[in-house]
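Throughout, residue positions are numbered sequentially from 1 according to the sequence presented.
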Amino acid sequence: KYSLQGVKAFPLFFFHGGQMEEFLGPQSEYNEEEEERKYYRRKRLGVIKNVLAASVGAMIVYSVYMGLLQMQLILHYDMTYREVKYSNLGLEDIDHKMLMGINVTPIIGLLYTPVLIRFLGTKWMMFLGSGIYALFVSTNYWERYYTLVPSAVGIGLTIVPFWASLGNYITRMAQQYYEYVNYKEEHVQEQKKLPKGACHSYIIVFQSIFYIIFHLSFVFAEFPMCLVLDDHLHENDHILHNVKSCGATISGVIPGFNTTVLTKLPRSMLLIQVESALMGFAFLAMFLVLCGAAYRPTEEIDLRSIGWGNIFQLPFKHLRDYRLRLLCPFFIYSGFEMLFAISGFSLSYGVCVLGLKSLWLLIVVYGLSCSVFSSLSLCMLRLPRWLCLVSGAAVHFVLLVVLLAWSPHKNSPDHLGPLLVISMLWGLGTALNKTGVSTLLGMLYAEEKERLDFVFTIYHWWQAIAIFIVYLWSNLPMRAKLSILLATLLLACYCYWVMERRLAKDVRPRLPRIPRPRHKVTSNRL
């Protein structure tokens with residue numbers, strides 16, 4: 001009934017002559033170069049936001065996981081708690097199988113990690129991994145064999161994919177940041193391979209930021225212990241009554257440690273409130289790691305299109321690369337030293353000498369030291385890259401020699417100062433080791449973004465092997481454990497020297513050929 005022609009032409013009545021040409025012509029105030037600069041500045045800020053979100057998310061995941069696991073193991077160790085609350089469940093057997101699920105199942109991670117990362121994508125693999133850690137927290141509401149053990153196995157299965165995705169993601173963010181800074185370069189516009197060493201400085205900075213934030217997880221993991229369990233623990237005279245010796249002379253963890261460590265049982269409602277708070281943080285971490293994509297959509301399609309059989313085989317073929325083979329001892333030592341700091345030194349030296357109430361203090365000092373000294377890896381921006389790894393190895397070498405010769409007496413508060421110094425120095429070595437290895441891998445394969453997931457999978461798979469070995473050696477004499485650590489450290493330093501010497505001689509590594517993407521072509525012919 002009504003015509004729309006007048007409505008369409010209505011705005012044109014307000015323009016006459018030159019006004020029409022000015023409105024439809026090019027805008028004099030519009031600056032294309034300035035708008036492009038603002039666009040890429042927003043992109044760079046987005047990359048920084050992604051790095052911070054992934055780092056904080058990983059820190060919260062491991063704060064919740066380690067804090068809950070520590071509280072759970074202390075409660076389940078107490079004989080009174082087991083008999084009063086779970087008399088017929090066999091919590092000791094459940095804990096044994098739960099630890100076996102966490103420590104043993106990661107050794108098969110090399111078989112499925114690359115396939116899983118390529119199938120889900122790096123971002124969604126991080127989201128799935130954090131979700132499985134949240135599932136482990138939720139099972140503690142109802143502590144039974146069929147809840148705790150399967151969730152522990154799930155954590156064991158997700159350790160390698162989760163960490164391989166994190167390492168890949170941080171390195172990819174550094175590459176993207178370089179592309180957004182140098183967006184006018186021809187090789188960036190044509191999406192060609194980056195020049196050698198172009199993004200190394202960004203890799204160093206982003207890996208340092210990640211580990212500065214992540215190592216705070218050791219600090220926040222002690223909150224449940226410090227705020228909830230500390231008031232329920234016995235004094236040292238009771239807990240360490242049957243302990244004969246500590247340090248280098250003992251076998252196992254703490255022989256003679258009392259099986260009743262709680263003065264009174266914590267209220268069930270208090271435990272539920274703590275678990276609910278941890279569950280809330282676990283859900284927060286899931287959404288934090290759900291940050292920007294690591295690859296463009298076309299790149300992800302290409303990564304999947306090389307064939308699932310090739311994706312399965314390529315991690316094994318990458319072991320032909322002499323750089324990865326010679327770094328394997330450092331990968332193993334990286335897993336050894338962190339677990340020894342948490343379970344070996346903190347218990348056999350710290351708790352045995354100072355009592356269970358001082359455990360949180362040693363771990364907090366270690367975590368703060370790791371976080372603060374992770375910033376020292378920024379020295380690689382100006383100094384040779386080998387200095388970071390060799391410095392951390394030198395610190396640990398001195399500490400291992402000291403621990404081999406030191407057997408402090410039990411229940412000796414005078415040893416608090418030396419133990420805190422050792423914990424701080426061990427954190428210094430851990431910070432230089434962890435940050436140095438991850439940064440080195442990113443720098444060696446910075447121009448090979450299609451290989452990053454395979455490389456970080458191999459790194460964290462060897463760490464999983466180290467976790468398994470530490471689980472097996474729990475009953476060995478302390479001097480045997482320290483000797484294994486020392487031998488692995490010396491071998492790692494020698495192999496790293498050989499690798500750097502070969503690189504200096506420009507020996508080309510043997511890299512496996514990655515097949516070209518095979519895209520499916522469909523026809524619409526009748």
Side-chain angles (χ1 to χ4, degrees), residues 44-68 122-123 125-127 129-130 133-134 159 162-177 201-224 278 280-292 294 334 337-338 341-342 360 363-381 388 392 423-424 426-442 456 459-460 463:
R44 293 196 295 271
L45 291 175
V47 168
I48 295 173
K49 181 209 70 174
N50 292 338
V51 172
L52 293 176
S55 304
V56 174
M59 183 267 291
I60 293 176
V61 165
Y62 266 77
S63 299
V64 170
Y65 164 64
M66 292 189 294
L68 180 63
T122 305
K123 177 181 76 171
M125 185 64 245
M126 291 161 54
F127 179 76
S130 59
Y133 280 98
I159 284 176
F162 182 69
W163 275 102
S165 300
L166 277 173
N168 183 14
Y169 190 82
I170 299 299
T171 308
R172 278 294 300 142
M173 289 298 105
Q175 292 172 338
Q176 284 188 9
Y177 196 86
S201 58
Y202 302 116
I203 292 174
I204 294 169
V205 172
F206 284 8
Q207 290 287 356
S208 300
I209 291 173
F210 172 76
Y211 279 104
I212 287 171
I213 296 174
F214 172 76
H215 282 141
L216 291 175
S217 61
F218 294 105
V219 178
F220 294 114
E222 295 305 309
F223 278 21
L278 294 176
F281 282 110
F283 276 124
L284 173 64
M286 287 178 64
F287 290 102
L288 280 175
V289 299
L290 198 61
C291 32
S334 181
E337 58 92 6
M338 180 171 279
I342 297 172
W360 70 270
I363 301 295
V364 165
V365 169
Y366 172 72
L368 285 175
S369 174
C370 288
S371 177
V372 172
F373 290 123
S374 292
S375 60
L376 291 179
S377 62
L378 295 172
C379 69
M380 287 191 285
L381 293 170
C388 185
S423 184
M424 181 189 68
W426 197 279
L428 166 62
T430 298
L432 295 175
N433 182 346
K434 289 286 186 185
T435 316
V437 171
S438 296
T439 304
L440 178 62
L441 283 178
F456 280 100
Y459 168 35
H460 292 291
Q463 279 195 326

Nearest-0.5 Å distance, CG of residue L216 to SG of residue C370: 10.0 Å

Calculate, to the nearest 0.5 Å, the distance between atoms CG and CZ belonging to L166 and F456 respectively.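 Output value for this atom pair is 10.0 Å.
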
Quick one: do the Q207 and S377 side chains pair a donor with an acceptor below 3.5 Å? no

Any donor-acceptor N or O pair under 3.5 Å, side chains S375, Y211: no

For C388 against L432, the heavy-atom pair lying closest together: SG-O, 3.3 Å

Return the minimal non-hydrogen interatomic distance between A53 and C291, and the atom names on each side.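 Heavy atoms of A53 and C291 come nearest at CB-CB, 4.4 Å.
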
Counting C-beta onward and ignoring hydrogens, is there a side-chain heavy-atom pair between M126 and T122 closer than 4.5 Å?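 In contact.
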
Hey, are the side chains of V205 and L381 touching, using non-hydrogen atoms and a 4.5 Å cut-off?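 V205 vs L381: side chains touch.
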
Looking only at atom types and distance, does a side-chain atom of [X] sit under 3.5 Å from a main-chain N or O of [Y], one as donor and one as acceptor?
X    : Y    : result
N168 : A164 : no
S369 : V365 : no
S217 : F214 : yes
T439 : T435 : yes

Mind checking whether Y62 and W163 have ring centres under 6.0 Å apart? yes

Start with the C-alpha distance between F281 and F220, add both sets of side-chain angles, then the distance that settles ring pair (Phe, Tyr, Trp, His ring centres under 6.0 Å), and finish with yes or no. CA-CA 11 Å; F281 282 110; F220 294 114; 8.8 Å; no

Applying side-chain contact (heavy atoms from CB on, under 4.5 Å), run through Q463 and M338 and close with a yes or a no. CA-CA 10 Å; Q463 279 195 326; M338 180 171 279; over 6 Å; no

